[in-house]
Amino acid sequence: MSFSKYFVTQLKRIKKLFLPTLGFFAIFAFILGIGALSYVKRIDENNKKVITIGVVGENDTPIISGLLGVLEKFDDIGYTMKFPSMTKEEADEAFLNENLSAYCIIPDGFEEALMYDRPHENIVFVKREGAYGLDDIYFSDMLPKISEVISDVNSGVYGFKDAFEEITGSYDSNVVNDLFLKYIDHFLDRSELVEIKDLTKEKSIGEMGTLILGLSLVFVFLFALTASPYFIDQKIDFLILVRSKGLNSAKEILAEYIAFLVYAIFLTALISFLVYAVGLIGIIRVYLTSGFVFTLFLICLMIFALQFFMYEILNGTIAKILAQFLVYIFMTYVSGYFYPAKYFPKVVREMGRLLPSGVALDSYKNAFINKLELMDFVGVISYMVIFLVLTIVVRDIKLKKEFR
Amino acid sequence: MMKTMPTNIFVKNIRKSYSKKAVLRDVNISFEEGKCIGIIGENGCGKTTLLSILSGLVPYESGEFIYGDTDLLKNDAKRQEIVGYIPQGEPLVEELSAMDNLLMWYEKDAIEKSLKYGVLGMLGIGMFIDIPVKKMSGGMKKRLSIGCGVHHNPKLLILDEPTAALDMSCREKIYSYLKDYRNSGNTIIMVTHEVREIELCDEIYILKNGEAFKYTYDGNVTHLVGQLK
């Protein structure tokens, strides 16, 4: 039998998986839809999400504390904002543990320098991308409100001036007036005051982002279950006949795996759509880059390689499906797909990171925030190759054992 | 019982052990082309192992399978051309139709031709050509398996219990095909437990203690069973 005929046969078998997979996808989409409705309802009920931004340094001066107080009391931007005061160390720890969405460092003497038009260090705003769409809040919602405050202050200054003139008949406090105007000028020109430091790569995408991405990868693992008939229906006698016609294990597995590329493309499209839909609902910000889709495709292939290996090494239909399900659930749980891994003991965290599921999640997260590196692919591809080689070895042993 | 003398097809000195336990010690069988050879023996005596060695599926320790002047165990291309192997189960792709299964082995034109005038027609495969294997009866599957196994018109067919667990009508179809195949000058080696298949054979070999002994079957089943132990 030729490699090409065997490959075409495997493609025909793969074609049979598309319909059940779509059915499975419809069920998941339904569950996801219910989840999304609950999410939207919860937002409606609470009307706000809480964004906590730590403030390090000089924050007890009149203007800054006043400004933060005003922002905390805003009720028309759709978010509740909190600005706890803390030290740099506390802010770093809270940021690392994802208890803060961001933090800002206000240099000592900042406000005074503004008041007297002296040189000053910039405010440093430390943030990460992803969770809760902080960028959206910061740039789209918060800054216009700050501008609004400043405009109000501006109006207040002139209102005060008018009132003063009306009461006293004259207003000659030019020093105070100039100070107010300079302050406004500086504040409106935000780029001179604030330096934004993005710690997206050094840290993570946040708990919610990790959870959403983890769950979308769980779908990939679970979707792989719909491919089980492909493995179960392949009878050993068929492989014996194929072997008698000169096709060896390596060629068989390769033909089967290449045929699976088609299924991996199909699954990648479905999961990408799912992640995009989550973005549309507004739970996390989603950029469907080619890097993200390609990484997802590679992860699908790695998961299938693992599936090839598991189905080759195990015997019995129920044992195979059950083992696949349990192994996938265990791996994804330990790697923090369902529950933040930071709460696990160190040894479990380390194990979860090194497992195929952990390697997949790391690459997936980096692809999501567009910070892919070569090593992200190396881990996934290495696991894929290892599983395939093991599958070839096991099939060879298995076929030889058949004749005992 | 006596050890056989070689003619033009030889199975010589086949040896095979599993975990130091010798299953085939020194198997020698010889016969002429165009014969049907039956191999019988108790369960676990190494019948399937012998067939799988002759089909090139399992490594062996020593031995030869001479067809004419070629050792088929050392010449894979020649063996694949001459030998057709039908394993005991159904070597089929369950979720595909009979046609899709046949397309793995035949060209489309050859299938249509064979359904009209050839082996596929003789096996009655045209009756269930579009049915998925999953929905086929045991007899249909077995006939389709044979159809797949003989796609290249092999001169020597190796079968492992070809009619086990089939109904009478299906058995008769397969016997009829095997007779026709042999009468066309081709050779059959088959492992069997069925009296009806034994009657079809020109020569019978009993596999016992890792060796093959020629046996002349005279219709006395009780005597035959006694020889197996």
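Below, chain A is the first sequence line, B the second, and so on; all start at residue 1.
- The side-chain contact (heavy atoms from CB on, under 4.5 Å) test with Thr9(A) is passed by exactly one of Asn101(B), Val93(B), Leu103(B): Val93(B).
- Within 6.0 Å of NZ in Lys78(B) there are 12 or fewer heavy atoms belonging to other residues, nucleotides or ligands.
- In this structure, the portion of Val83(B) lying under 4.5 Å from any heavy atom of chain A is its backbone and not its side chain.
- Val242(A) touches chain B through backbone and side chain together, each having a heavy atom under 4.5 Å away.
- Heavy atoms closer than 4.5 Å to chain A are found nowhere in Asp76(B), neither backbone nor side chain.
- Most heavy-atom pairs under 4.5 Å with chain A, from the set Lys134(B), Gln88(B), Lys16(B): that is Lys134(B).
- Of the inter-residue distances, the one linking Ser244(A) atom OG with Leu54(B) atom CG reads 12.5 Å to the nearest 0.5 angstrom.
- Summarising the local packing, CZ of Phe325(A) is surrounded by 12 or fewer heavy atoms from other residues, nucleotides or ligands at distances under 6.0 Å.
- More than 12 heavy atoms of other residues, nucleotides or ligands lie within 6.0 Å of CG in Leu326(A), so this atom counts as buried by the packing criterion.
- The neighbour count for Lys155(B) NZ, taken as heavy atoms of other residues, nucleotides or ligands under 6.0 Å away, does not exceed 12.
- A donor-acceptor contact shorter than 3.5 Å is absent between the side chain of Lys16(A) and the backbone of Leu96(B).
- Nearest heavy-atom pair, Leu241(A) versus Tyr85(B), reported as atom, atom and distance to 0.1 Å: CD1-O, 3.0 Å.
- Taking Gln80(B) as the reference, nothing meets the side-chain hydrogen bond (donor to acceptor under 3.5 Å, both in side chains) condition, with sequence neighbours excluded.
- Within 6.0 Å of the CZ atom in Phe18(A), the count of heavy atoms belonging to other residues, nucleotides or ligands exceeds 12.
- Applying the 6.0 Å contact sphere to CD of Glu172(B) captures more than 12 heavy atoms from other residues, nucleotides or ligands.
- Closest approach of Gly89(B) and Asp237(A) over heavy atoms only: CA-OD2, 3.3 Å.
- A salt bridge does not link Glu94(B) with Arg13(A): none of the charged nitrogens is closer than 4.0 Å to a carboxylate oxygen.
- Side-chain contact between Leu399(A) and Leu57(B): absent, with no pair of heavy atoms (C-beta onward) separated by less than 4.5 Å.
- Both the backbone and the side chain of Glu95(B) come within contact range of chain A, each with at least one heavy atom under 4.5 Å from a heavy atom of that chain.
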* To do: I would like to know whether Met104(B) and Lys245(A) meet side-chain contact (heavy atoms from CB on, under 4.5 Å); could you show each step before the answer?
  => CA-CA 12 Å; Met104(B) 277 188 284; Lys245(A) 303 296 177 190; over 6 Å; no

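- Taking a 6.0 Å sphere around NZ of Lys251(A), one finds it holds 12 or fewer heavy atoms contributed by other residues, nucleotides or ligands.
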